[in-house]
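Quick notes on the structure that follows.
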Number of protein chains: 2
Amino acid sequence: MSTRPTLAAVAAHAGVSPSTASLAFSGSPRVTPGTRERVLSAAAELGYAGPDPLAASLRRGRSGVIGAFVGERLLYAFRDPVAIQLLDGITEVLGSHGVGLLLLAGDTGRPSTEQIGRIPLDAAIFATCGLEDDPALDQLRSRGVPIVVVEGPVVDGVVLVDIDDRRGTRDLARHLHDLGHRRVEILAMPLRLDGRRGFIDAARRSRAHYRDVRHRLEGVEDVFGPVPAFETASNAVAEGAAAARVLLDVPAHRRATAVIAQSDVLAAGVLQAAAALGLRVPEDVSVAGFDGADLSWLGATRLTTVVQPSDEKGRAAAEAAMELVAGGHPPDLLLPVTLRIGTTSGPPPS
Amino acid sequence: MSTRPTLAAVAAHAGVSPSTASLAFSGSPRVTPGTRERVLSAAAELGYAGPDPLAASLRRGRSGVIGAFVGERLLYAFRDPVAIQLLDGITEVLGSHGVGLLLLAGDTGRPSTEQIGRIPLDAAIFATCGLEDDPALDQLRSRGVPIVVVEGPVVDGVVLVDIDDRRGTRDLARHLHDLGHRRVEILAMPLRLDGRRGFIDAARRSRAHYRDVRHRLEGVEDVFGPVPAFETASNAVAEGAAAARVLLDVPAHRRATAVIAQSDVLAAGVLQAAAALGLRVPEDVSVAGFDGADLSWLGATRLTTVVQPSDEKGRAAAEAAMELVAGGHPPDLLLPVTLRIGTTSGPPPS
DNA sequence: AACGGCGATCGAATCGATTCGACGAGGAGC
DNA sequence: GCTCCTCGTCGAATCGATTCGATCGCCGTT
């Protein structure tokens, strides 16, 4: 009893050949109901729970597992509402195909490199990590694993699922400009994960690791021209609040009339900081975000933001991955975003 | 070029046998540095990225993948700070072993049942789902996949990682009792996922799906005896707030002097509702939670709660799983919890 | 010089299923 | 009644690496 029965054993017990037994388990119509029945009951007698997935995978050349790389540490990704919706969209599609989602920490050195070599992946989705030079990406490519990248770099042979970050922020900036704002500041997500905070200069900007962050800067500049941008160390409410205290705690005549946060999470921090400083939103300062995340805990306040289809992004990425696995050539995708005007933007103080 | 090179091809190219090539790749000390070098450069020439994980897995009998079942839908699990910390603890340990984490939606019918049969798992961790009668559990057991259950049922041959829910709530209840409270109410997490809300009666309670919820009821009753308990439909802030409005929006003489929420998330909802109703905490009503989650967005308020080591729970579960895979027999585990008294509990109004 | 020992390399079996082409029997058509 | 076709079943090759035990050669020893 130390060893589990194999398909061959079941076949022998049922008095059929292994091939027939295999057909029976795969539910092929080429096998007689009676025979199938015999095989199944033989399996039941022997306590055989079905073909070994490992062996089947080897033969088929597919493991039924798709890897998702989420930034740096999983914990951070889990805290990001957008990443979560993205993952949810991915699992939704993969689940319906009977494919499992393997979580991998991207943007990091040793562990994942080793993992990638040992874990059978049918395809990989780079979900929320910059990767201009990710070793994991190269390794997977040389292994021939199909890859889908969400908001990542344009790489040959890799399917890209993107959203129109630049256009979205441009629309948002125009909205603020139309309201009369002329002095705005940007609260930026990290350009790379080195824990740095502070105003972004040209040198720093050129070392940006994340494409979406850059695009969201550019969108604002399309309307306002050069604008001061303050980089946060991570995309978190507390980070946004801390940065906003720096930006807003200055005399009114030098204060920006609008703060454009690059994410709703950061914007929530700005709202918190503004309240703490006794500034009214939008009377004293307008606040805008990006993502269209669920911020119901803000109460009656509805954030002016750019809504992106996070879950749709996940579904699209997963579907592209499935198509790649099937041997297809899905096209790159650019998903639209829409401006949603809430209660946090208004005319600048006169 | 349509087909990738195999280890055998590399071996031939390097002028060694496949076995030696394999040894070279696995970094065995039994192979001469010179030979290894020759094999590696042959691999580089042929564009061979290393042994196929699928084939290696079959031979080894291990896939390097461990499955984590999280309740119902991943999206909900992702919203739960405890579940997230748990997953983070799991990934931390698995990552250090070079093992991947496969996310699976438990507590659901079709898709996972099918997935389980097709995906090679070395072990499974049931993370946050009740499963008195989960078909996935049975299926995995009959397949011989080692299983670790976090706060799940006691099943023969399954390792249990648990926390002392009952003792924790008991300590908390005693704290409130010592303060003078005599009329308390419980705000409970769902007993099962059928979307039901309302006071829990005996019939409902007997159909409970989740053990931790039951234990947290019992802990309170150990001190106060029978106590009204209001069940929420899901563990979310908004749910807690909605339920708290029902519990608190009554004349003061009929109102509970303390609300014991079964999670910090629910407790946050209670605080929200109390504020909306104009009730001061803890002067008008004391509020307590469970988990010790990060609620820094509450500001200065520090919730009285029972702190559980969520990440430690994850690490312990993952380590137990690794030990099972290695053929060991890790013991069941009961992790301690500690009462943390914050600013939300005080004497009852006189 | 012969022998023993040791370490590097090789052969061959194995992991467990899938699948393609072949084969045989039974039924339909002429 | 004979042939042809079809449907169900079987054999055997294959997926790609790992690993145990055997082999072969080299070096040190007496």
Side-chain angles (χ1 to χ4, degrees), chain A residues 2-40 42-43 46-64 117-122 143-145 325, chain B residues 2-40 42-43 46-64 117-122 143-145 325:
Chain A
S2 77
T3 174
R4 330 220 100 238
T6 68
L7 182 60
V10 173
H13 194 73
V16 301
S17 79
S19 23
T20 304
S22 175
L23 270 324
F25 270 103
S26 70
S28 158
R30 292 178 44 188
V31 68
T32 302
T35 309
R36 186 199 320 284
E37 196 48 50
R38 215 138 34 83
V39 172
L40 260 37
L46 267 52
Y48 178 79
D52 178 350
L54 275 177
S57 296
L58 173 59
R59 186 64 242 255
R60 288 216 178 94
R62 303 220 218 116
S63 63
R118 309 201 86 69
I119 297 180
L121 291 183
D122 289 345
R143 220 168 244 293
V145 176
V325 171
Chain B
S2 77
T3 173
R4 328 222 100 239
T6 68
L7 181 60
V10 173
H13 193 74
V16 301
S17 77
S19 21
T20 305
S22 174
L23 270 325
F25 270 103
S26 70
S28 156
R30 292 177 45 187
V31 69
T32 301
T35 311
R36 187 200 319 284
E37 197 48 50
R38 215 140 32 85
V39 173
L40 260 38
L46 268 53
Y48 178 79
D52 178 351
L54 273 177
S57 296
L58 173 59
R59 187 64 242 256
R60 288 216 178 92
R62 303 220 217 116
S63 64
R118 309 201 85 71
I119 297 180
L121 290 182
D122 290 346
R143 221 168 243 292
V145 176
V325 171

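The structure displayed is predicted, hence computed values, not measured ones. Reminder, nothing fancy here: chain letters follow the sequence lines and each chain counts from 1.
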Subject >> Axis bend over the full length of the helix from C/dA1-D/dT30 to C/dC30-D/dG1, computed from five pairs that close each end, to 10 degrees >> reply: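 The end axes of the helix from C/dA1-D/dT30 to C/dC30-D/dG1 are about 50° apart, to the nearest 10°.
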Original post:
Quick one: is A/Y48 getting a side-chain N or O under 4.0 Å of the C/dA17 phosphate, OP1 or OP2?
Top reply: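 Yes, A/Y48 has a side-chain N/O under 4.0 Å of OP1/OP2 on C/dA17.
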Original post:
Can you find a pair of side-chain heavy atoms, one from A/S57 and one from B/P120, that are under 4.5 Å apart?
Top reply: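 Heavy-atom side-chain distance check passes, below 4.5 Å.
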By side chain to side chain contact (heavy atoms under 4.5 Å, CB included) - contacts of [X] (at least two apart):
X	value
B/R36	B/A24, B/V31, B/L40
A/P18	A/A11
B/S22	B/L7
A/A56	A/R60

**OP:** Spell out protein contact along nucleotides 8-15 of chain C as letters: B when the base is contacted, S when just the sugar-phosphate is, - when no protein heavy atom is under 4.0 Å; keep the 5' to 3' order.
**Re:** SBBB-BBB
Show each protein N/O and nucleotides 4-6 of chain C N/O combination with a separation under 3.5 Å, one pair to a line.
none

**OP:** Would you indicate which nucleotide in C/dG16, C/dT18, D/dT18 comes nearest to any side-chain atom of A/T6?
**Re:**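 Selected nucleotide: C/dG16.
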**OP:** Quick one: list whatever passes side-chain hydrogen bond (donor to acceptor under 3.5 Å, both in side chains) with A/S19, sequence neighbours left out.
**Re:**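 side-chain hydrogen bond (donor to acceptor under 3.5 Å, both in side chains) check on A/S19 returns A/S17.
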**OP:** Could you name each residue pair satisfying ring-ring contact (aromatic ring centres under 6.0 Å, His included) that touches residues 8-29 of chain B, not counting sequence neighbours?
**Re:**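 Counting only pairs at least two positions apart or across chains, the ring-ring contact (aromatic ring centres under 6.0 Å, His included) contacts touching residues 8-29 of chain B are B/F25-B/Y48.
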